[in-house]
Undergrad: 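Sharing a structure, written as structure tokens. Questions coming.
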Amino acid sequence: MSSVPPVLESPRLCRATLLLSIYLLGACSTRPPAQPEDLCQIFAEKSAWHQAAQDMTQRWGTPSFVTMAMMYQESSFREDARPPMRYFLGVIPYGRPSTAYGYAQVKDETWADYQRETGNSWASRDDFADALDFMGWYTSKSQKVNGISKWDAYNQYLNYHEGWGGFSRGSHLQKAWLLPVAAKVDERARRYAMQYRSCKAQLDSGWL
């Protein structure tokens, strides 16, 4: 007689248990939105993101369509986004160009500044709400330091990319490739704004 408990002798039960485990692991992961070009669809799919965006706007005054357009450019809404690895002779990895990480692609030192100034010491760069709140904080400081409107996605993105000091020194003007990127962010923010105006009431009511 076998000493293995009968319940474990069933291949069908084992397969079912394995499939359930895989499903649960997948449910715990955070995937990018299925339709990232449509802000209404993003928030309809991820209602917690919409709430986080509303909280960010209420706290910092930056429209969600501005920060969401910037985040799309930085990480394509991937929680674990990093700059690409560099390779010596195309084979030997020797590190990444910066410590930028997460939804908002924030460097270690800038994240530490945010945590210290806001008291949000438990914030994580791979948490959407925390990353979006960081962007609200950053754009608010861009207004204070360099006088950039929180609605100005073009110049807010240039501040975000170059830093407040770099922007004030005009470092972005020396990077011909960067200005079209900022224009792309601005165009997406305008499109997001139009989309959001058409669905905000439905999102707020829970109908979308």
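Only heavy atoms go into these numbers, but all of them, side chains included; no hydrogens, no water, no symmetry mates.
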Undergrad: For a quick check under 3.5 Å, do Asp133 and Trp60 share a side-chain donor-acceptor pair by atom type?
TA: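 Looking only at side-chain atoms, Trp60 and Asp133 do form a donor-acceptor pair, the distance falling under 3.5 Å.
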
Undergrad: Under 3.5 Å, side-chain donor or acceptor atoms of residues 161-170 against the rest of the protein: list the pairs with distances, not counting sequence neighbours.
TA:
residue: Glu162; atom: OE1; partner: Ser171; partner atom: OG; Å: 2.6
residue: Glu162; atom: OE1; partner: Lys175; partner atom: NZ; Å: 3.0
residue: Glu162; atom: OE2; partner: Lys175; partner atom: NZ; Å: 2.9
residue: Trp164; atom: NE1; partner: Ser142; partner atom: OG; Å: 3.0
residue: Ser168; atom: OG; partner: Trp164; partner atom: O; Å: 3.4
residue: Ser168; atom: OG; partner: Gly165; partner atom: O; Å: 2.8
residue: Arg169; atom: NH1; partner: Gly165; partner atom: O; Å: 3.4

Undergrad: Sequence neighbours excluded and cut-off under 3.5 Å, please list the side-chain donor-acceptor pairs for residues 61-72, or say none.
TA:
residue: Thr62; atom: OG1; partner: Thr139; partner atom: OG1; Å: 2.7
residue: Thr67; atom: OG1; partner: Ser64; partner atom: O; Å: 3.1
residue: Tyr72; atom: OH; partner: Glu37; partner atom: OE2; Å: 2.8

Undergrad: By salt bridge (charged side-chain N to carboxylate O under 4.0 Å, His left out), which residues pair with Asp113, not counting sequence neighbours?
TA: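 Here the qualifying residues are Arg116.
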
Undergrad: Please list, chain by chain and in numerical order, all residues satisfying salt bridge (charged side-chain N to carboxylate O under 4.0 Å, His left out) with Asp204, sequence neighbours excluded.
TA: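 Asp204: salt bridge (charged side-chain N to carboxylate O under 4.0 Å, His left out) contacts with Lys200.
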
Undergrad: Could you tell me whether the side chain of Ser205 and the main chain of Ala201 form a donor-acceptor pair under 3.5 Å?
TA: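 Present.
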
Undergrad: Residues two or more places apart in sequence or in another chain: which of them pass salt bridge (charged side-chain N to carboxylate O under 4.0 Å, His left out) with Asp186?
TA: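 Asp186 satisfies salt bridge (charged side-chain N to carboxylate O under 4.0 Å, His left out) with Arg190 once adjacent residues are dropped.
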
Undergrad: I'd like to know whether NZ of Lys184 has more than 12 heavy-atom contacts from other residues, nucleotides or ligands below 6.0 angstrom.
TA: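 Incorrect, the count does not exceed 12.
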
Undergrad: Verify, without hydrogens or angle tests, whether Ser76 (side chain) and Arg78 (backbone) share a donor-acceptor contact under 3.5 angstrom.
TA: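 No; zero donor-acceptor contacts below 3.5 Å.
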
Undergrad: On a heavy-atom basis, which atom in Val181 and which in Gln73 lie closest, and how many Å separate them?
TA: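 Between these two residues, the closest heavy atoms are CG1-NE2, 3.6 Å.
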
Undergrad: So, taking the atom named CD in Glu74 and the one named CD in Gln105, what distance separates them when rounded to the nearest 0.5 Å?
TA: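 With rounding to 0.5 Å, CD (Glu74) is 6.0 Å from CD (Gln105).
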
Undergrad: Just checking Lys141: does its NZ atom have more than 12 heavy atoms from other residues, nucleotides or ligands closer to it than 6.0 angstrom?
TA: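 More than 12 heavy atoms, drawn from other residues, nucleotides or ligands, come within 6.0 Å of this atom.
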
Undergrad: How long is the straight-line distance from OH of Tyr101 back to CG of Asp80, given to the nearest 0.5 Å?
TA: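 So the CG of Asp80 and the OH of Tyr101 are separated by 5.5 Å.
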
Undergrad: Which residues pass the side chain to side chain donor-acceptor pair (under 3.5 Å) test with Trp137, sequence neighbours left out?
TA: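 Trp137: side chain to side chain donor-acceptor pair (under 3.5 Å) contacts with Glu117.
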
Undergrad: If you group Ile, Leu, Val, Met, Phe, Trp and Tyr by side-chain heavy-atom gaps below 4.5 Å, do Tyr192 and Met194 land in one group?
TA: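 In one cluster: no.
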
Undergrad: Is a side-chain donor or acceptor of Gln115 paired with a backbone partner of Trp122 at a separation under 3.5 angstrom?
TA: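 Not a single qualifying donor-acceptor pair exists.
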
Undergrad: Counting distance only, does the side-chain N/O of Asp126 pair as donor-acceptor with the main-chain N or O of Glu79 below 3.5 Å?
TA: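 Side chain of Asp126 to backbone of Glu79, a donor-acceptor pair under 3.5 Å: no, none is there.
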
Undergrad: Determine whether the side chains of Tyr138 and Asn159 contain a donor N or O and an acceptor N or O closer than 3.5 Å.
TA: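 No.
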
